[in-house]
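Just below is one structure, and these are the notes that go with it.
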Amino acid sequence: MTLEDARKQFPHTWTDMIYLNHAAISPMIFRVRDAIDKYLERRSLKGIESYPWAQKMASETKGLVANLLHTRPERIAFMLNTAEGISLLASGIDWKEGDRILLYRYEYPANVYPYLNQRRHGVEIDYMEPEDFRITPDVIKEHVTPKTRLISLSFVQFLTGFRSDVEAIGKYCREQNIIFAVDAIQGLPHSFIDVEKSNIDFLSAGTHKWMLGAEGTAIVYISERLQPLIHQSSMGASSVTAPFNFFDFNTDRLRTDASRYENGTQNFPGIAALNTALKFHGEFGFTEIEKRVLEHSGYLISRFKGHGVKVVTPDDPKERSAIVSVEIEKPEEVLERLLKKNIIVGVRGGKLRFSPHFYNTEEELRTAVNVVFE
């Protein structure tokens with residue numbers, strides 16, 4: 001697939017809009033919209049009893065997700081959103097009074113509140129707050145205590161765009177017997193990750209941002225090592241084998257894979273959207289996608305530094321992805337100026353945030369930066 005072909009899939013590229021806010025939510029491409037329409041049409045006509053064929057589609061989608069994460073489909077489950085996935089982990093651990101959880105002070109709330117909710121069990125929360133916003137393995141080691149039982153980090157930080165070295169952090173966590181959880185919503189599918197090689201125990205990510213999916217669908221990865229430690233805090237018919245054996249209420253027949261946590265009927269329209277979106281990314285090429293977003297972030301960093309603006313996103317390509325955040329005077333006024341030109345970016349935590357995707361062009365980035373400094 002060429003870049004021109006990819007851009008044609010985004011309805012807004014046929015207008016004068018420049019969309020650079022994928023860290024908030026992505027536009028819906030024609031293919032994804034059509035996939036949802038086709039699902040609903042089949043569901044309303046010849047496939048009213050959708051479970052058999054929709055479940056087959058969901059299984060195929062788990063295969064696509066597994067390929068993206070470099071794991072096996074049976075390690076994947078679907079949830080409604082990132083926070084529900086993380087809550088599955090946080091509420092399923094058999095916490096003991098005095099256990100500690102290590103978090104970054106400026107994490108997105110979805111990766112904080114599920115753990116704060118465990119304080120009622122006597123769990124303590126520790127925060128990292130490095131001045132340069134870089135959560136490196138050394139910073140983590142400085143904050144770990146003998147009571148640290150779990151570390152949860154974003155793969156890519158929503159505020160600064162910092163990308164964690166999950167392989168080095170995962171290796172350290174495994175050596176220390178610490179559970180390593182990752183919120184990957186800002187890093188997938190445009191940043192390479194191998195959950196097994198990186199010793200990641202748990203990963204959760206909504207699909208409505210960079211993955212180009214729909215709201216109300218998230219992916220979860222649960223390692224074989226971790227699954228026995230997650231108690232079933234909720235349960236439904238699909239948590240067990242032979243779910244249509246209605247009156248055998250034997251909880252010993254829980255599924256052995258990650259699907260045991262799905263409980264019941266899934267958001268099949270959202271899964272259909274994800275199926276199509278991942279195939280779309282695959283046609284363009286995940287390696288090429290990562291190359292392009294790094295070029296975009298590098299361009300933005302260079303332009304803003306050239307204007308003397310403080311950039312909080314790291315220069316090093318190994319420590320960044322597609323998000324670039326800058327500290328600029330009166331960011332809300334700059335945002336308003338951009339919006340008037342139909343250029344969509346965001347402000348988070350007082351920082352002006354740009355988040356272009358692979359299909360954006362350097363010309364679009366140049367136009368946006370020029371408007372900032374008008």
Side-chain angles (χ1 to χ4, degrees), residues 62-63 65-77 79 82 85-90 92-95 99-104 107 110-112 114-115 118 123 125-126 128 130 134-157 162-205 218-231 256-261 286 290 316 318-321:
K62 285 184 179 180
V65 174
N67 287 338
L68 178 67
L69 301 181
H70 298 88
T71 187
R72 291 163 293 139
E74 57 266 30
R75 294 292 97 219
I76 305 301
M79 298 283 148
T82 307
I86 295 172
S87 294
L88 159 70
L89 169 64
I93 298 294
D94 184 16
W95 299 107
D99 283 345
R100 308 190 78 88
I101 297 171
L102 183 59
L103 306 174
Y104 175 51
E107 279 284 359
N111 199 23
V112 178
Y115 300 114
Q118 307 313 310
V123 174
I125 309 296
D126 296 314
M128 298 172 285
R134 297 170 60 248
I135 312 100
T136 64
D138 287 340
V139 169
I140 289 172
K141 292 174 185 178
E142 290 171 3
H143 287 81
V144 164
T145 76
K147 289 284 190 177
T148 302
R149 193 167 176 195
L150 182 147
I151 295 173
S152 190
L153 285 176
S154 287
F155 181 25
V156 176
Q157 289 295 328
F162 176 82
R163 176 166 60 171
S164 298
D165 185 349
V166 292
E167 188 170 341
I169 295 169
K171 181 175 183 293
Y172 172 74
C173 288
R174 186 59 54 89
E175 291 169 350
Q176 302 300 314
N177 197 29
I178 295 171
I179 297 168
F180 182 34
V182 174
D183 173 351
I185 194 170
Q186 296 292 1
L188 295 177
H190 53 289
S191 297
F192 177 85
I193 193 168
D194 184 325
V195 292
E196 297 196 7
K197 184 178 180 182
S198 298
N199 291 303
I200 293 170
D201 294 302
F202 185 90
L203 179 148
S204 185
I219 60 171
V220 160
Y221 160 79
I222 304 168
S223 71
E224 280 190 276
R225 169 180 177 266
L226 179 66
Q227 183 163 320
L229 303 180
I230 303 180
H231 297 287
T256 58
D257 60 17
S259 68
R260 68 191 288 177
Y261 302 106
F286 292 105
E290 181 164 20
D316 188 346
K318 294 179 181 178
E319 291 190 343
R320 60 175 159 87
S321 181

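No hydrogens, no waters, no symmetry mates; every other heavy atom, side chains included, goes into these values.
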Nearest heavy atoms of [X] and [Y], plus distance in Å:
| X | Y | answer |
| --- | --- | --- |
| I185 | A205 | N-CB, 3.7 Å |
| K62 | A77 | CE-CA, 4.3 Å |
| R149 | D99 | NH1-OD2, 3.0 Å |
| P73 | A66 | N-CB, 3.6 Å |
| S152 | N111 | OG-OD1, 2.7 Å |
| S223 | I200 | CB-O, 4.0 Å |

Gap separating the [atom1] atom of [X] from the [atom2] atom of [Y], nearest 0.5 angstrom:
| X | Y | atom1 | atom2 | result |
| --- | --- | --- | --- | --- |
| F162 | D316 | CZ | CG | 9.0 Å |
| S87 | Q118 | OG | CD | 8.0 Å |
| L153 | L103 | CG | CG | 8.0 Å |
| T148 | I178 | OG1 | CD1 | 5.5 Å |
| I101 | I125 | CD1 | CD1 | 4.0 Å |
| I93 | L226 | CD1 | CG | 5.5 Å |

Is there a side-chain contact between [X] and [Y] in this structure, where contact means two heavy atoms from C-beta onward sitting under 4.5 Å apart?
| X | Y | answer |
| --- | --- | --- |
| I179 | F202 | no |
| Q157 | I135 | yes |
| M128 | E142 | no |
| V166 | F180 | yes |
| M79 | L88 | yes |
| I219 | L188 | yes |
| D201 | R174 | yes |
| R75 | E224 | yes |

Backbone N or O of [Y] within a donor-acceptor pair of the [X] side chain at under 3.5 Å?
| X | Y | value |
| --- | --- | --- |
| H70 | I193 | yes |
| Y261 | I230 | yes |
| E290 | F286 | no |
| T145 | K147 | yes |

Practice item. Could you walk me through whether I86 and Y115 pass side chain to side chain contact (heavy atoms under 4.5 Å, CB included), step by step? Key: CA-CA 8 Å; I86 295 172; Y115 300 114; 3.5 Å; yes

**Study point:** Evaluation steps, side chain to side chain contact (heavy atoms under 4.5 Å, CB included), between Q186 and S321
**Key:** CA-CA 9 Å; Q186 296 292 1; S321 181; over 6 Å; no

Point to revise | Any side-chain donor near an acceptor of the partner, D183 and T82, under 3.5 Å | key: no

Review point. Can a donor-acceptor pair be found between the side chains of T136 and D138 at a distance below 3.5 Å?
Key: no

Exercise for review: Determine, step by step, whether H231 and D94 satisfy the side chain to side chain contact (heavy atoms under 4.5 Å, CB included) criterion, reporting the C-alpha distance in whole Å, the side-chain angles of both residues, the deciding distance to 0.1 Å, and the verdict.
Suggested key: CA-CA 7 Å; H231 297 287; D94 184 16; 3.5 Å; yes

Exercise for review: Apply side chain to side chain contact (heavy atoms under 4.5 Å, CB included) to F155 and R163, showing your working.
Suggested key: CA-CA 6 Å; F155 181 25; R163 176 166 60 171; 3.8 Å; yes

Check your understanding: Is it true that K171 and E167 make a salt bridge, defined as a side-chain N closer than 4.0 Å to a carboxylate O?
Key -> no

